[in-house]
Amino acid sequence: MHASRRSNVHSQPSAKWWRWVALALVLSGCATSTPTARAPDADAPQAPTVPATVPEIRPGLLAGYLGRDLPDSLKLLPAPPATGTPAFRNDQAVSRASQKLRGTPRYELAKADADLAFPHTASVFECTLGVPVTQQQSPFLYQLLRRTMTDAALATYGAKDHYKRIRPFVHYKEGTCRPEDEASLRKDGSYPSGHTSIGWTWALILTELAPDRADAVLARGRAFGESRLVCNAHWQSDILEGRATAAGAVAKLHANADFRADMAMAVKEIATLRANGATPGVDCAAEATALAVPIPGVL
């Protein structure tokens, strides 16, 4: 499954790196009774064909839309479940059940979902949208995903840095689906899940862009976050509150004029791709097989 996806593998950003990102963001004619055809007005504003250039905070990472106007996850979320509580015992039960999926198609999908590097991660929702998502074919949608990834991820750090929750693979002295990420993950708080915040933010946005695909898009966004259970990188409560953080980020995004303008252009891109018969560039049958594997006990 993973090999069939377009991939440009890079290691996942570290907590220190995300903090550097946050710092950089701070610095950062009249009608007639007989209408006749008219030539285009050279002085009239024309719709852009490509998105405006957005600065990179680091190579490959675009500035988000929100800057410092992020939801405060520390105020938004309750404290994570404490050791020994029923809620934490449930986290443990789901964690142990999810690790039984190693070696299955669901585990391979989780490995692919763990990679947040573009252009690879832009393809996550191609099967549910029914069209390709690439910089060449849908530049506004592609950039929309890149910029909102930054906003959704940074929104988690109020709670992450405060609680510094230990991740399940550290708790159990095990590994994850991406060993190359483990050193940075050990230093990065588990609660809430940044991957989940990103995936659910994307899902909520894409349901607006393609409402006829809403159920499938939301299901894929849910699965994207749950892949972090399968990867042994997060507890279930991290996943649930990652979705809450995403909802806060999307609400903030809708107050941003640049975001709304890019959404309008992305709608047109999706319509054009559909009209032209463009199809996803990933193996949708393999993805469906993987998504059909349930995670026992997941809420």
Side-chain angles (χ1 to χ4, degrees), residues 2-28 48 50-68 70 110-126 132-157 160 176-188 193-203 205-206 221 224-225 227-228 231 233 242 245-246 249 253 256 258-259 262-263 265-266 269 281-282:
H2 184 52
S4 68
R5 289 177 170 265
R6 293 185 297 271
S7 179
N8 181 17
V9 179
H10 298 286
S11 60
Q12 186 176 335
S14 66
K16 181 179 180 182
W17 185 67
W18 279 116
R19 294 188 189 100
W20 189 94
V21 170
L23 177 61
L25 281 168
V26 174
L27 304 172
S28 46
V50 294
T53 300
V54 175
E56 289 188 343
I57 298 167
R58 281 183 68 96
L61 182 75
L62 295 186
Y65 293 97
L66 296 180
R68 297 172 64 188
L70 296 162
K111 287 170 62 176
D113 285 350
D115 182 1
L116 291 177
F118 282 85
H120 163 76
T121 198
S123 68
V124 166
F125 288 91
E126 285 191 6
V133 182
T134 69
Q135 190 169 23
Q136 295 73 33
Q137 295 169 281
S138 49
F140 280 91
L141 177 56
Y142 187 86
Q143 182 159 293
L144 185 75
L145 296 179
R146 292 185 69 188
R147 295 190 70 183
T148 55
M149 181 176 83
T150 300
D151 293 323
L154 290 178
T156 65
Y157 272 88
K160 273 182 177 287
T176 70
C177 65
R178 276 175 60 90
E180 63 267 41
D181 294 345
E182 290 172 15
S184 62
L185 291 179
R186 289 176 185 276
K187 302 172 186 176
D188 190 43
S193 165
H195 274 72
T196 301
S197 181
I198 292 166
W200 197 243
T201 291
W202 286 343
I205 289 169
L206 292 172
F224 187 83
S227 285
R228 303 306 281 163
C231 275
T245 305
L253 283 164
N256 183 278
D258 290 339
F259 169 78
D262 287 348
M263 288 280 283
M265 295 302 294
E269 288 179 341
V282 297

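What's counted below: heavy atoms across the whole structure, side chains too, no hydrogens, waters or symmetry copies.
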* Test item: Trp202 side-chain N/O and Leu145 main-chain N/O as donor-acceptor pair under 3.5 Å -> yes
* To do: Tell me yes or no: between the side chains of Ser123 and Glu126, is some donor less than 3.5 Å from an acceptor?
  => no
* Please check if the side chain of Ser184 supplies one atom and the backbone of Asp181 the other of a donor-acceptor pair under 3.5 Å. => yes
* NZ/Lys160 to OG1/Thr245 distance, rounded to the nearest 0.5 angstrom? -> 9.5 Å
* Looking only at atom types and distance, does a side-chain atom of Glu269 sit under 3.5 Å from a main-chain N or O of Val133, one as donor and one as acceptor? -> no
* To do: Look at the side chain of Thr150 and the backbone N and O of Ala63, then say whether any donor-acceptor pair between them is shorter than 3.5 Å.
  => no
* To do: With rounding to the nearest 0.5 Å, note down the distance linking CE in Met149 to CG in Leu144.
  => 12.5 Å
* To do: Look up atom CD1 in Ile198 and atom CZ in Phe224, then write down how far apart they are to the nearest 0.5 Å.
  => 6.5 Å
* To do: Give a yes or no answer on whether the side chain of Glu182 reaches the backbone of Thr176 with a donor-acceptor pair at less than 3.5 Å.
  => yes
* Locate the shortest heavy-atom distance separating Ala152 from Ser197; write the atom from each residue and the value. => O-OG, 2.8 Å
* Note, Val124 side chain near Val282 side chain (heavy atom, < 4.5 Å) -> no
* Report the distance from atom CD of Gln136 to atom OH of Tyr142, rounding to the nearest 0.5 Å. => 7.5 Å
* Structure fact -> dist Ile205:CD1 -> Leu253:CG (nearest 0.5 Å) comes out at 5.5 Å
* Structure fact -> For Asp262 and Phe140 the tightest heavy-atom approach is OD1-CD2, 3.8 Å
* To do: Check for a donor-acceptor pair, side chain of Thr121 on one end and backbone N or O of Ala117 on the other, with a separation under 3.5 Å.
  => no
* What heavy-atom pair brings Pro51 and Gln143 nearest, and what distance separates the two atoms? -> CB-NE2, 3.3 Å
* To do: Ignoring hydrogens and angles, tell me if any N or O in the side chain of His195 forms a donor-acceptor pair with the backbone of Ala114 under 3.5 Å.
  => yes
* Asked: If you look at every heavy atom in Lys111 and Cys177, which pair is closest and at what distance?
  -> CG-CB, 3.4 Å
* Within-4.5 Å side-chain heavy-atom neighbours: Thr148 and Phe259 -> yes
* Separation of Asp188 CG from Tyr157 OH (nearest 0.5 Å) -> 3.5 Å
* Structure fact -> In short, Arg146 meets Gly60 closest at the heavy-atom pair NH2-O, 2.8 Å
* Are any of the side-chain heavy atoms of Glu56 and Leu61 separated by less than 4.5 Å? -> no
* To do: Using modelled atom types only, decide if a donor and an acceptor are shared between the side chain of Asp151 and the backbone of Tyr65 within a distance under 3.5 Å.
  => yes
* Sidechain-backbone polar pair: Arg228 side chain, Asp113 backbone, donor-acceptor under 3.5 Å -> no
* Structure fact -> Scanning both residues in full, the closest heavy-atom pair of Gly194 with Thr156 reads CA-CG2, 4.0 Å
